[in-house]
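Structure provided below as structure tokens; questions to follow.
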Amino acid sequence: MILNLDLPFEPKLLEEINNIGIRKYFLEGDTIINIGNNIKSMPILISGVLKILREDHNGDELLLYFLKQGESCAMTLNCCTRNAKSEIRAVAETNVEILFLPNTKMEEWSANYKSWRNFVFDSYHQRFSELLETIDKIAFLNMDERLLVLLKDKTELQHSLEINQTHQEIANELNTSRVVISRLLKKLERLGKIELHRNRIKIIHL
DNA sequence: ACATTAATTGTGT
DNA sequence: ACACAATTAATGT
């Protein structure tokens with residue numbers, strides 16, 4: 001099957017990836033990787049959006065960043081090469097299609113293909129930047145601003161102006177309480193920026 | 001069509 | 001943060 005990841009891999013590597021990679025499909029909300037899972041293959045996102053979450057000792061979670069087409073998770077990449085357990089959770093934000101590459105090939109490809117090395121480095125770099133961004137948001141933005149950024153990200157990542165989530169779920173992603181989110185959303189609604197429905201938020205303009 | 005119920009959302013303290 | 005009220009959606013009769 002022809003696979004176009006829009007990644008600048010050498011034809012030979014691309015062929016290997018096509019032969020060896022295993023394609024899997026997940027539905028929105030599915031957990032693809034959980035904390036503590038042993039990572040035996042490395043994922044590359046073919047389509048859709050993944051969200052990467054961190055969890056604290058109480059089980060409270062926090063959204064770290066999103067992954068979209070052609071991207072991979074540096075955290076998993078890291079685990080992959082060391083054969084370690086995952087320290088993050090990956091959940092399908094939309095329906096997703098993922099290509100899994102066995103970690104046994106990682107070293108060989110790194111040695112043989114420049115484009116693979118570049119891809120791995122770029123992935124690390126991208127994730128690192130995103131993590132910094134996330135830290136900045138948590139440290140320097142108020143909750144109302146963080147919520148606004150999240151809504152913007154979500155609408156941009158999906159194509160739709162509807163977010164099908166409860167206030168509770170959003171609160172979990174931002175690691176705050178449902179009441180806070182409800183109040184902030186209500187404020188946004190009064191400003192005419194959004195429309196609130198049960199399990200659904202319609203974006204008017206942000 | 002109506003009643004019941006569970007889940008989600010809204011608001012005052 | 002908690003408690004409770006109000007609203008909504010789903011389901012059964």
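Chain naming here is simple, since letters A, B, ... match the order of the sequence lines and numbering starts at 1 in each.
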* Asked: Is a salt bridge present between A:Arg146 and A:Asp136, judged by a nitrogen-to-oxygen distance below 4.0 Å?
  -> no

List the atom pairs, with distances to 0.1 Å, where a side-chain N or O of residues 40-55 of chain A and a protein N or O form a donor-acceptor pair under 3.5 Å, not counting sequence neighbours.
unit_1: A:Ser47; atom_1: OG; unit_2: A:Glu97; atom_2: OE1; d: 3.1
unit_1: A:Lys51; atom_1: NZ; unit_2: A:Glu173; atom_2: OE2; d: 2.5
unit_1: A:Arg54; atom_1: NE; unit_2: A:Glu87; atom_2: O; d: 3.1
unit_1: A:Arg54; atom_1: NH2; unit_2: A:Glu87; atom_2: O; d: 3.4
unit_1: A:Glu55; atom_1: OE2; unit_2: A:Arg89; atom_2: NH2; d: 2.3

* Asked: Do NZ/NE/NH1/NH2 and the carboxylate oxygens of A:Glu130 and A:Arg127 come within less than 4.0 Å?
  -> yes

* Describe the nucleic acid contact of A:Leu185 in one word from base, sugar-phosphate, nothing, applying a heavy-atom distance below 4.0 Å. => nothing

* **Nearest-Å distance for atom pair CG/C1', residues A:Leu188 and B:dG10** => 15 Å

* Specify the separation, in whole Å, of atom CZ of A:Arg178 and atom P of B:dT11. => 11 Å

* To do: Nearest-nucleotide wise, let me know which of A:His167 and A:Arg183 is further upstream toward the 5' end of DNA chain B.
  => A:His167

* Can you check whether A:Tyr113 and A:Phe9 have ring centres sitting under 6.0 Å from each other? -> no

* Asked: Hey, does the Lys NZ or Arg CZ of A:Arg23 hover above the aromatic six-ring of A:Phe100, less than 6.0 Å from the centre and inside 45° of the axis?
  -> no

* Considering only NZ, NE, NH1 and NH2 on the basic side and carboxylate oxygens on the acidic side, decide whether A:Glu162 and A:Arg200 come within less than 4.0 Å. => yes

* Asked: Whole Å only: how far is the NZ atom of A:Lys187 from the C1' atom of B:dT11?
  -> 14 Å

* Would you mind reading off the distance between A:Glu195 atom CD and B:dT9 atom P, rounded to a whole angstrom? => 15 Å

* Asked: Taking any atom under 4.0 angstrom from a heavy atom of chain A, which nucleotides of DNA chain C are the first and last to qualify, 5' to 3'?
  -> C:dA1 to C:dA9

* Between P of B:dT8 and CD1 of A:Ile170, the distance in whole Å -> 13 Å

